[in-house]
Amino acid sequence: MEKVTPKRVFINNIDSYASKCVAKFLCECVVGAAVDPDAVTEEEEERKPHRGAPVFQVVGTVCDTCDEDRPHVLEEYKHLNREELLSKLMDCDVVIYNITQHAEQLEEACWAASALHNEMEGFSRAKMFILVSTVMTWACSKPVDPDVPFTDEIFWRRRAHPSFKQHMDLEKRVVKMGKTNRSMFSTYVVASGLQYGLGEQLFHFFFKTSWLGQEQEIPVFGDGSNIVPTIHIRDLASVIQNVIEHQPKPYYLLAVDSSNNTMEEILKAVSSSLGPGRIQKRPFEEAYLTQELSVMEMDSLLVNLRMEAVHLKELFSINWLCESGLVENMELVVEEYQQSRGLLPIRVCVLGPPAVGKSLVSRQICEHYKLHHITLKDTISQTIAQLEDTVRNVDPDADNEDSAAEAKELLGSLKESMEQNGGLLEDPLLVKVVKDRLMSNPCRNQGFVLDGFPKTYEQAKELFYSEEQESEDGTSQMSSFSRKMMPECVLSLDASDVFLKERVMNLPERLVQEHNYEQEHFLLRLGRHRENNMEDESVGNYFDELDTTPLYLEISSSEEPDCLLLMQKILDTLGQPRNYGPSCREVEEEERRKAEERMKREEQERAEQERREEEEATHRAANWDQWTGGLEEMRQQEEELLEVQSVPMTIYLMEHVMPTPDPGPGGVLHRPPSGPRGLPGGVLDQEQSL
C-alpha cells in the first residue's frame, strides 16, 4: 500500500461557526471512507493508500480569546502580521477563506490571494485557493422567468446586494488570479446558500426564541414569501472537500440544496418543532430592534432567490446529509441544535407519601434548573382551560376543524369523568392528560419535574410504555417517543408515619385545607401509598425494570441545615444545568448593574462617612466649648475659694506678723521700740532675717 501524505489546509477564523464546522469535517475525512470495499479488486486494494489515514491537516487563524479546545486543528495562529501569515500560507496546499460571516475578512482574503498569486513562481508544489462566498452576491439578479432557477452556469449575470458588492468584487479578483497558471495556482469561488445545522448561526435567533418558549408566536420579519436558498453546513463542507479532491474545471460553483422553501415555511417548521407552533408576521423594520441579528444577517433573511446547483449534480457525487432542505429535515436539525449547544432536557420524577415534601423539593429543582413543575392539579386545570379556548375560538374557515372537534370531544370526556368521580379523573384520561403535557415542546426542550405521579405500577406503565422497537443487534429497545418522556432520575422520598403525622399537625390551617390534609383524608392517602408500595409491582419496581434505579432519600428532619444537605445531594446527582446561560449582552448588563450598585453603595457609604465625621466634628466642637467654659468657671471658682480661704491668714499676718508701718511726724518712719509681747526689736529683726 502507498503511504499518503495528508494535504495541509489553511482556514481563516476556525473559531467561527462556518469555518469551525468545515475544519472539523475535513479533519474527519480519511482515506477510503466513502469507497465500497466489495467494488474494489485485490490489485486495486494493494495500490490503495492505507485506509483510515487522515486526508487533511487543518491549520488556521483564530480571533476569539476563549480557550475552546479544538483537537481536530493541528495548529492555531493568533495575531500574526502579514509577513508571518504569508509564511504560514506558503506551507499549505489549500487555502480556504470564508467571508460568509465576517465582512472584516474581505480585505485579508484579498491580500492573501494576491500575495500567493505574486509568489506563484516560488511555489514548490501546486496550491489551491477557495473563497467561500455567499449567494447574497446574486440577491439583486433579475430572473428571466420567476419559475426558472438561477444556476452557476450563468454566474456572470449575477447582481449583488448593495451591502455585498465588495464580496462580488473579491469573487471576480479571485477568479481572475486563478486563470494565470491553473496548474500551479488554481482558484475557486463557492457561493454558499444560507447555512444551517450544528447549532445554528443565521437562524439561531428563531431557534432560541422557540426553545425558550417565552413568546406565544415566533416573529416572521416581512411577508415571509421570499424563497431562501439554504445548505446544511456539513453539506457545504462536503462540497469544499470535493472541490479539493477533484479540482473541477468550473471555477464558480453554487452550494445550495434542492429545496425552495420560503422564510415563512422555514420559521413555521421551527416554531412547530421547538416552540408554540404559531408565527406572526411583523414589519421588517422591527428586525433592527433585535440585538441578536447583525445587519448582514438581516439582509440575508430578505433574500429571494430560486437557485439550482447544476455543477454539484453534474461533477460530484456528494453524500448529502440534507439535500431536501431545512424544512424536510427539521427533526434532525433540531436534534443537532440541542446537542451542539448542550440544550438537553432534564427529566425528573419525585415520588413519596403525602406531606413528605415532594412539592417543595420539586420547586427547588425547577428553580435551579429552570424546568417545568408538573402537578396533577395544575395540569388538569390548564388542559381544560386550553380545550375550552380551542373550542370557543374555533375558526370555521381554518384547516383545524378536526382538531377543534377532537378538543370538544376530549373536553366533554374530562368534565363527565370528573362529575362521576367526585372531581377526579379516571386513570386512562389522567394518563393521557399528563402524557400530552410531558410531550409538549416546553417539557421536551427544558425538561420537567413530575411531582407525585405516577402513583401505581399500572399508571407508570400506561404513562411511559410504548411498543418496543427491535434494534440492529436483535435486542429490544424503547421507542424514541418513550425516550423523550422517560425520567432520567427518579427521586423516592420517604419518612416514618410518626414524622409525617407530626408534620401535618404542625402545619397552618391554610396549608391543611389547600393540600387536603384533614386527618381522615391524610390517613387514607398515607395508607393507600403504603399499600401500593408494599406490592411487588410498585412504581419503584417499574423504574428498576427499565434500568432507572430510584434514588431513595429518607426525610427525618425539617431543620434548614438538613434540608440544604438533602438538596445538595439531589443537585450533585442531577449535575450541571443544561440550558442557556446568560448571553454576552445579559452578562454585560449584569456587570453594569453590579457596577452601578457598587458605585451607588460606595457613594452612600462615603456620604454616610462624611455625615458621621461632620457630626463627630460638631460634637467635638460643642464638647470643647463646654469643656473650655467649664474649665474657666472652675478656675474662677478655685480662685474665689482660694481668695476666701486666704482672708484669715492675711488678717493674721497683717495683725501679728507684718503690721502696716505708721509714719511719724514729718513723714519719717520709726522702728517700733520692741517686738511683740515686749520682745526687743533686734530679736524680731533676727527672726525675719531667718
Side-chain angles (χ1 to χ4, degrees), residues 12-13 16-19 22 63 96-114 130-143 149-150 152 154-176 188-196 200-206 219-231 233 236 252-256 260-264 266-267 281-307 309 326 585:
N12 70 312
N13 283 13
S16 64
Y17 165 72
S19 297
V22 172
C63 60
I96 301 174
Y97 260 87
N98 168 35
I99 58 171
T100 60
Q101 285 183 253
H102 305 288
E104 62 271 13
Q105 287 291 294
L106 285 165
E107 193 271 336
E108 183 181 304
C110 182
W111 166 85
S114 301
I130 301 177
L131 181 71
V132 183
S133 188
T134 169
V135 293
M136 291 303 293
T137 57
W138 293 69
C140 292
S141 303
K142 300 298 182 183
F150 290 106
D152 33 19
I154 56 170
F155 71 92
W156 59 84
R157 291 175 49 190
R158 68 194 187 282
R159 296 292 181 270
H161 185 282
S163 300
F164 290 82
K165 288 185 177 180
Q166 290 184 340
H167 291 69
M168 185 169 176
D169 292 340
L170 180 56
E171 290 179 359
K172 293 178 179 179
R173 295 190 64 176
V174 168
V175 167
K176 184 177 181 180
Y188 293 91
V189 173
V190 177
S192 167
L194 305 191
Q195 301 153 8
Y196 63 88
E200 302 307 318
Q201 177 67 30
L202 176 62
F203 296 106
H204 177 244
F205 167 75
F206 304 101
V220 178
F221 300 114
D223 61 9
S225 61
N226 53 308
I227 297 175
V228 182
T230 58
I231 188 169
I233 189 63
L236 173 61
Y252 191 98
L253 300 99
L254 280 177
V256 296
N260 286 300
N261 300 128
T262 64
M263 183 60 69
E264 181 178 356
I266 292 173
L267 297 186
K281 295 182 180 181
R282 299 180 184 176
F284 188 78
E285 290 74 18
E286 291 189 16
Y288 293 95
L289 302 177
T290 305
Q291 298 185 4
E292 295 188 33
L293 292 173
S294 66
V295 175
M296 180 183 290
E297 290 171 338
M298 287 186 284
D299 291 335
S300 300
L301 293 175
L302 277 182
V303 67
N304 185 19
L305 293 169
R306 188 186 297 272
M307 310 191 84
L326 175 54
R585 180 171 55 85

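Small disclaimer: the values here were computed from a predicted structure and weren't measured. Numbers here are sequence positions counted from 1.
- Residues passing the side chain to side chain donor-acceptor pair (under 3.5 Å) test with K281 are E264, sequence neighbours excluded.
- The heavy-atom pair separating A112 from Y97 by the smallest distance is CB-CE1, 3.6 Å.
- Residues L301 and L293 are in side-chain contact: their nearest non-hydrogen atoms beyond the backbone lie under 4.5 Å apart.
- For the pair A309 and L254, the tightest heavy-atom approach, listed with the atom from each and the gap, is CB-O, 3.3 Å.
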Q: Decide yes or no on side chain to side chain contact (heavy atoms under 4.5 Å, CB included) for E200 and F206, but give the supporting numbers first.
A: CA-CA 10 Å; E200 302 307 318; F206 304 101; over 6 Å; no
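- Closest heavy-atom contact between S192 and L236: OG-CD2, 3.6 Å.
- Every residue two or more places apart in sequence or in another chain that forms a side chain to side chain contact (heavy atoms under 4.5 Å, CB included) with Q201 is listed here: Y17, Q101, E297.
- Between F203 and M263 there is a side-chain heavy-atom pair separated by less than 4.5 Å.
- Judged by distance alone, with hydrogens and angles left aside, the side-chain atoms of S141 form a donor-acceptor pair with the main-chain N or O of W138 at under 3.5 Å.
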Q | side chain to side chain contact (heavy atoms under 4.5 Å, CB included) assessment of I99 paired with L170 | A | CA-CA 10 Å; I99 58 171; L170 180 56; 4.0 Å; yes
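- Remark: K176 pairs with no residue by the side chain to side chain contact (heavy atoms under 4.5 Å, CB included) rule, at least two apart or across chains.
- The ring-ring contact (aromatic ring centres under 6.0 Å, His included) search around F164 returns H161, H167, not counting sequence neighbours.
- Between N260 atom CG and T230 atom OG1 the span is 9.0 Å, to the nearest 0.5 Å.
- Partners of R158 according to the salt bridge (charged side-chain N to carboxylate O under 4.0 Å, His left out) rule, which considers only residues two or more places apart in sequence or in another chain, are E171.
- Shown here are the side chain to side chain donor-acceptor pair (under 3.5 Å) partners of D169, two or more places apart in sequence or in another chain: there are none.
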Q: Please step through side chain to side chain contact (heavy atoms under 4.5 Å, CB included) for the pair E108 and Q105, ending with a clear verdict.
A: CA-CA 5 Å; E108 183 181 304; Q105 287 291 294; 3.7 Å; yes
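- Residues L131 and A109 come closest through the heavy atom pair CD1-CB, 4.4 Å.
- By the 6.0 Å contact criterion, CZ on R282 is enclosed, its count of non-hydrogen atoms from other residues, nucleotides or ligands being greater than 12.
- Interatomic distance, CG of L302 versus CG of D223, reported as 9.0 Å (0.5 Å rounding).
- Of all heavy-atom pairs between T100 and A18, the closest is OG1-CB, 4.3 Å.
- Residues passing the salt bridge (charged side-chain N to carboxylate O under 4.0 Å, His left out) test with E107 are R82, sequence neighbours excluded.
- Residues meeting the ring-ring contact (aromatic ring centres under 6.0 Å, His included) test with H102, sequence neighbours left out: none.
- Between L267 and P219, the shortest heavy-atom distance links the atoms CD1-O, 3.6 Å.
- In this structure, the separation between CG on L305 and CD1 on I227 is 9.0 Å, given to the nearest 0.5 Å.
- Atom CH2 of residue W156 and atom NZ of residue K172 lie 13.5 Å apart, to the nearest 0.5 angstrom.
- Between V303 and L194, some side-chain heavy-atom pair lies under the 4.5 Å cut-off.
- Residues that satisfy the side chain to side chain contact (heavy atoms under 4.5 Å, CB included) test with Y288, not counting sequence neighbours, are F284, M298, D299.
- Contacts of S300 classified as side chain to side chain donor-acceptor pair (under 3.5 Å), with partners at least two apart in sequence or in another chain: none.
- Without hydrogens or angle criteria, S19 side chain to N12 main chain gives a donor-acceptor distance under 3.5 Å.
- With sequence neighbours left out, the side chain to side chain contact (heavy atoms under 4.5 Å, CB included) criterion links Q166 to L106.
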Q) When you look at F155 and V189, which way does the side chain to side chain contact (heavy atoms under 4.5 Å, CB included) test go after all the steps? A) CA-CA 11 Å; F155 71 92; V189 173; over 6 Å; no
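- Shown here are the ring-ring contact (aromatic ring centres under 6.0 Å, His included) partners of Y188, two or more places apart in sequence or in another chain: there are none.
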